[in-house]
Amino acid sequence: MRKKLTRFFSFRRVGLLLAALGATILPCLAAEQAAFAPLNGAQIRSVLQGKVVSDDRHWAHHYLPDGRLVRLQNGRQKGGQWMVQRDELCFVLPEVSSTEPVCFQVVRHGSELQYLDGKQVVYKGFVRSRAAARMFEGTTER
């Protein structure tokens with residue numbers, strides 16, 4: 001019996017098994033980490049200008065081309081401004097500060113964006129056209 005087990009678990013077979021597992025698992029882990037790519041300032045502007053980013057439930061941000069920001073948060077419409085500074089997306093929000101912007105790094109995977117404060121995700125949503133953003137139905141921008 002011991003001889004059979006030794007033959008079954010030979011170093012060669014164990015090595016091949018480990019190589020097969022590594023070839024399967026490691027690319028998946030690398031792809032998961034590489035899935036979100038950081039955006040530079042020009043890319044942030046291009047992705048957001050005239051679009052809506054939303055989690056499709058609680059919040060939505062409409063990035064108007066003139067720098068105005070129309071936000072819906074839990075059914076309430078709020079204003080603000082958006083800009084890009086040093087490859088970061090920045091907001092001036094009246095309830096936070098009327099002069100000092102709050103800035104975030106932006107990473108993207110397909111239509112999903114994440115706004116990061118350091119390594120912490122602050123906002124996570126999907127880029128939509130204004131027409132596709134159901135949360136803004138019945139609202140007007142001023």
Side-chain angles (χ1 to χ4, degrees), residues 2 4-142:
R2 185 176 181 173
K4 286 183 181 180
L5 285 175
T6 305
R7 208 174 326 139
F8 181 74
F9 288 110
S10 72
F11 286 112
R12 183 172 180 227
R13 285 190 180 176
V14 170
L16 290 172
L17 177 64
L18 290 174
L21 284 173
T24 304
I25 293 172
L26 290 178
C28 293
L29 293 174
E32 185 176 317
Q33 286 187 359
F36 281 90
L39 301 181
N40 65 33
Q43 291 168 324
I44 293 170
R45 206 173 280 106
S46 173
V47 167
L48 295 179
Q49 198 165 33
K51 301 285 192 216
V52 172
V53 176
S54 172
D55 72 349
D56 292 333
R57 283 193 222 176
H58 306 102
W59 65 272
H61 294 169
H62 186 194
Y63 296 89
L64 296 160
D66 64 2
R68 288 181 296 141
L69 177 66
V70 179
R71 303 173 292 143
L72 281 180
Q73 292 179 293
N74 296 317
R76 293 191 170 159
Q77 186 169 325
K78 299 179 180 186
Q81 295 176 343
W82 73 279
M83 69 217 58
V84 176
Q85 295 178 351
R86 295 181 303 276
D87 292 333
E88 292 185 324
L89 172 62
C90 300
F91 301 122
V92 176
L93 308 173
E95 65 272 13
V96 177
S97 169
S98 60
T99 58
E100 289 297 316
V102 178
C103 299
F104 303 97
Q105 298 167 327
V106 180
V107 294
R108 179 181 187 176
H109 177 65
S111 66
E112 183 177 351
L113 295 181
Q114 293 182 356
Y115 302 170
L116 307 173
D117 182 12
K119 291 193 179 258
Q120 183 175 348
V121 176
V122 178
Y123 290 101
K124 182 166 130 178
F126 298 90
V127 179
R128 310 264 191 252
S129 67
R130 171 70 165 85
R134 288 176 263 125
M135 291 183 72
F136 279 99
E137 290 175 358
T139 65
T140 59
E141 289 100 27
R142 295 178 187 174

Novice: For the backbone of Val70 and the side chain of His62, can you confirm whether one donor and one acceptor N or O come within less than 3.5 Å of each other?
Specialist: no

Novice: Does any part of the side chain of Leu93, heavy atoms only, come nearer than 4.5 Å to the side chain of Leu69, both counted from C-beta?
Specialist: yes

Novice: So Trp59 and Gln73, do their side chains get closer than 4.5 Å, heavy atoms only?
Specialist: yes

Novice: Give a yes or no answer on whether the side chain of Arg68 reaches the backbone of Gln81 with a donor-acceptor pair at less than 3.5 Å.
Specialist: no

Novice: If you compare all heavy atoms of Ser54 against all heavy atoms of Arg57, which two are closest, and at what distance to 0.1 Å?
Specialist: OG-N, 4.5 Å

Novice: Would you indicate whether Lys78, at its atom NZ, is surrounded by more than 12 heavy atoms from other residues, nucleotides or ligands within a distance under 6.0 Å?
Specialist: yes

Novice: What heavy-atom pair brings Gln49 and Pro65 nearest, and what distance separates the two atoms?
Specialist: NE2-O, 3.4 Å

Novice: Tell me, do Tyr123 and Val53 make a side-chain contact under 4.5 Å, heavy atoms counted?
Specialist: no

Novice: As a quick check of understanding, evaluate side chain to side chain contact (heavy atoms under 4.5 Å, CB included) for Lys51 and Leu48, giving each step before the final call.
Specialist: CA-CA 5 Å; Lys51 301 285 192 216; Leu48 295 179; 5.5 Å; no

Novice: Just wondering, do Gln43 and Val106 contact through their side chains at under 4.5 Å, heavy atoms?
Specialist: no

Novice: Show the nearest heavy-atom pair for residues Pro94 and Gly79, with the distance to one decimal.
Specialist: CD-O, 3.6 Å

Novice: Flag yes if more than 12 heavy atoms outside Gln120 fall under 6.0 Å of its CD atom; otherwise flag no.
Specialist: no

Novice: Grab the two heavy atoms, one from Lys124 and one from Asp55, that are nearest each other, plus how far apart they are.
Specialist: O-CB, 3.8 Å

Novice: I want to check something: taking the side chain as every heavy atom from C-beta on, are His61 and Phe91 in contact at a cut-off of under 4.5 Å?
Specialist: yes

Novice: If you look at every heavy atom in Ile44 and Asp87, which pair is closest and at what distance?
Specialist: CD1-O, 3.7 Å

Novice: Apply side chain to side chain contact (heavy atoms under 4.5 Å, CB included) to the pair Phe36 and Glu112, showing each step before the final yes or no.
Specialist: CA-CA 9 Å; Phe36 281 90; Glu112 183 177 351; 3.7 Å; yes

Novice: Please report the closest heavy-atom contact between Cys103 and Glu88, naming both atoms and the distance.
Specialist: CB-OE1, 3.4 Å

Novice: How long is the span from the CD atom in Gln105 to the CG atom in Leu89, to the nearest 0.5 Å?
Specialist: 11.5 Å

Novice: Angle class for the Tyr63/Tyr115 ring planes (parallel below 30°, perpendicular above 60°, tilted otherwise)?
Specialist: perpendicular

